[in-house]
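Notes follow once the structure below has been shown.
No hydrogens, no waters, no symmetry mates; every other heavy atom, side chains included, goes into these values. We number each residue from 1, following the sequence as shown.
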Amino acid sequence: MPARDCKPEVAEGYERERRLKSPEPQNFAPKKLLIANCYKLFFQKSDIHKDSELFVCWGEVMNRWVKIFISGLFAVFCASGVFAKSLSIQIIQNNPGQEKVWATSYLFEQNITDYFFDAGDIVSSSPIWISDTEEKNLGALKASLRENLQGGMDTLIRVELFYNTSDSSNPEGLLLENIKKVQWKAYAVSTGIQLFEGSAVPEKPRENTNNEIGLSQFAGLVAYQINNQMRY
């Protein structure tokens, strides 16, 4: 029965029932008004800041910009290497006939470790290994991989120093002339798979480079080349 043909009290009951079953559509006008008020406040310098509803709009704006800031900050951290890899450096001293670790081997270990530490990586060093038979060298590699797996490292980088001291004026000294070449290999600690390898040969030593400074510079060059292979 149409509401207009009913008594007033009956028609009112129908109208009340209709409103309960069919809620009025949401009105977005106030939200649009708040956004407009924000625009006026920041760009038109009006007195609209006196309106208390503007604080609601300000909260919405700030919430949006906080999310954008956090997302941007996360991206910057990722790009800058905050989530750095962990790696272990192991020096292999290839110097037939020698049974002790020479000062040059320690110097290379220190310089390469420092290079990656300064680059923001988590870095450690495995004990220096004096090259022996192929079988023993392979056993040393497996032992280093197990050790670093237990230590939670990602990558093992083995840097092998090939000495040539037959014509050296001081075979045990910190002289660039004692190094014939350097080779390196990187392994994934979790699988033992070789990731990459490389080598470098020092320039012919001069009077001002055939010393500890010259060795440190060459060690830094080796670290730089390893780092490039790791990143790219």
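Distance check: Tyr115 OH to Gln110 CD gives 16.0 Å after rounding to the nearest 0.5 Å. Here the straight-line distance linking atom CD of Glu212 with atom CG of Leu176 works out to 12.0 Å at 0.5 Å rounding. Distance check, rounded to the nearest 0.5 Å: CD of Glu147 to CG of Leu156 gives 9.0 Å. One finds the CG atom of Leu215 at 10.0 Å from the CD atom of Glu177 (value rounded to the nearest 0.5 Å). With rounding to the nearest 0.5 Å, the separation of CD1 in Ile130 from CD1 in Ile91 is 12.5 Å.
Residue Ile193 shares its hydrophobic cluster (ILVMFWY side chains chained together at separations under 4.5 Å) with no other residue. Its side chain outside the 4.5 Å cluster rule for every partner, Leu175 clusters with none of the Ile, Leu, Val, Met, Phe, Trp and Tyr residues.
Residues Ser131 and Asn95 bring no donor and acceptor atom of their side chains to less than 3.5 Å of each other. Side chains of Ser126 and Ser88: a donor-acceptor N/O pair is present below 3.5 angstrom, by distance only.
Among residues at least two apart or in separate chains, salt bridge (Lys or Arg N to Asp or Glu O under 4.0 Å) pairs with a member in residues 157-172 are Lys100-Glu172. Within the structure, every pair that satisfies the ring-ring contact (aromatic ring centres under 6.0 Å, His included) test and touches residues 145-203, not counting sequence neighbours, is listed here: Trp102-Tyr163.
Between Ser86 and Asn148 there is no side-chain heavy-atom pair separated by less than 4.5 Å. A heavy-atom distance below 4.5 Å is found between the side chains of Val182 and Phe218. When side chains are defined from C-beta on, Ile122 does not count as touching Leu87, because their heavy atoms never get closer than 4.5 Å.
Between Ser125 and Glu109 the shortest heavy-atom distance is CB-OE2, 3.6 Å. Between Asn178 and Ser168, the closest heavy-atom pair is OD1-OG, 2.5 Å. A pairwise comparison of heavy atoms in Ala186 and Thr155 identifies CB-CG2, 4.3 Å as the closest pair. For the pair Gln225 and Ser199, the tightest heavy-atom approach, listed with the atom from each and the gap, is OE1-O, 3.8 Å. When all heavy atoms of Ile226 and Val159 are compared, the pair lying nearest together is CD1-CG2, 4.0 Å. Residues Ile89 and Val123 approach most closely at CG1-CG2, 4.0 Å, considering heavy atoms.
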For a side-chain contact (heavy atoms from CB on, under 4.5 Å) check, start with the C-alpha distance between Leu161 and Gln93, then their side-chain angles and the critical distance, and finish with the verdict. CA-CA 5 Å; Leu161 309 182; Gln93 179 176 294; 5.7 Å; no
For Gln90 and Ile92, run side-chain contact (heavy atoms from CB on, under 4.5 Å): C-alpha distance rounded to whole Å, both residues' side-chain angles, the deciding distance at 0.1 Å, then the answer. CA-CA 7 Å; Gln90 183 176 35; Ile92 312 299; 4.1 Å; yes
Run the numbers on Val222 and Ile112 for side-chain contact (heavy atoms from CB on, under 4.5 Å), then give the verdict. CA-CA 8 Å; Val222 169; Ile112 294 176; 4.2 Å; yes
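Cluster annotation: Ile213 is not connected to Phe108 through the hydrophobic network of ILVMFWY side chains, with a link wherever side-chain heavy atoms come within less than 4.5 Å. Hydrophobic clustering (side-chain heavy atoms under 4.5 Å, transitive across Ile, Leu, Val, Met, Phe, Trp, Tyr) groups Val101 together with Leu174. No continuous path of hydrophobic side-chain contacts links Leu138 to Leu195 [ILVMFWY only; heavy atoms under 4.5 Å]. Placement of Trp129 and Leu141 in two distinct hydrophobic clusters is found when ILVMFWY residues are connected by side-chain heavy-atom separations under 4.5 Å, directly or transitively.
When the shell of 6.0 Å around CD of Gln194 is examined, it contains more than 12 heavy atoms from other residues, nucleotides or ligands.
Without hydrogens or angle criteria, Asn111 side chain to Leu107 main chain gives a donor-acceptor distance under 3.5 Å.
Glu203 meets the side-chain hydrogen bond (donor to acceptor under 3.5 Å, both in side chains) test with no other residue; sequence neighbours excluded. In this structure, the side chain to side chain contact (heavy atoms under 4.5 Å, CB included) partners of Asn164, at least two apart in sequence or on a different chain, are Ser166, Lys180.
Applying side chain to side chain contact (heavy atoms under 4.5 Å, CB included) to Pro205 and the options Ile179, Asn211, Asn210 leaves one that passes, Asn210.
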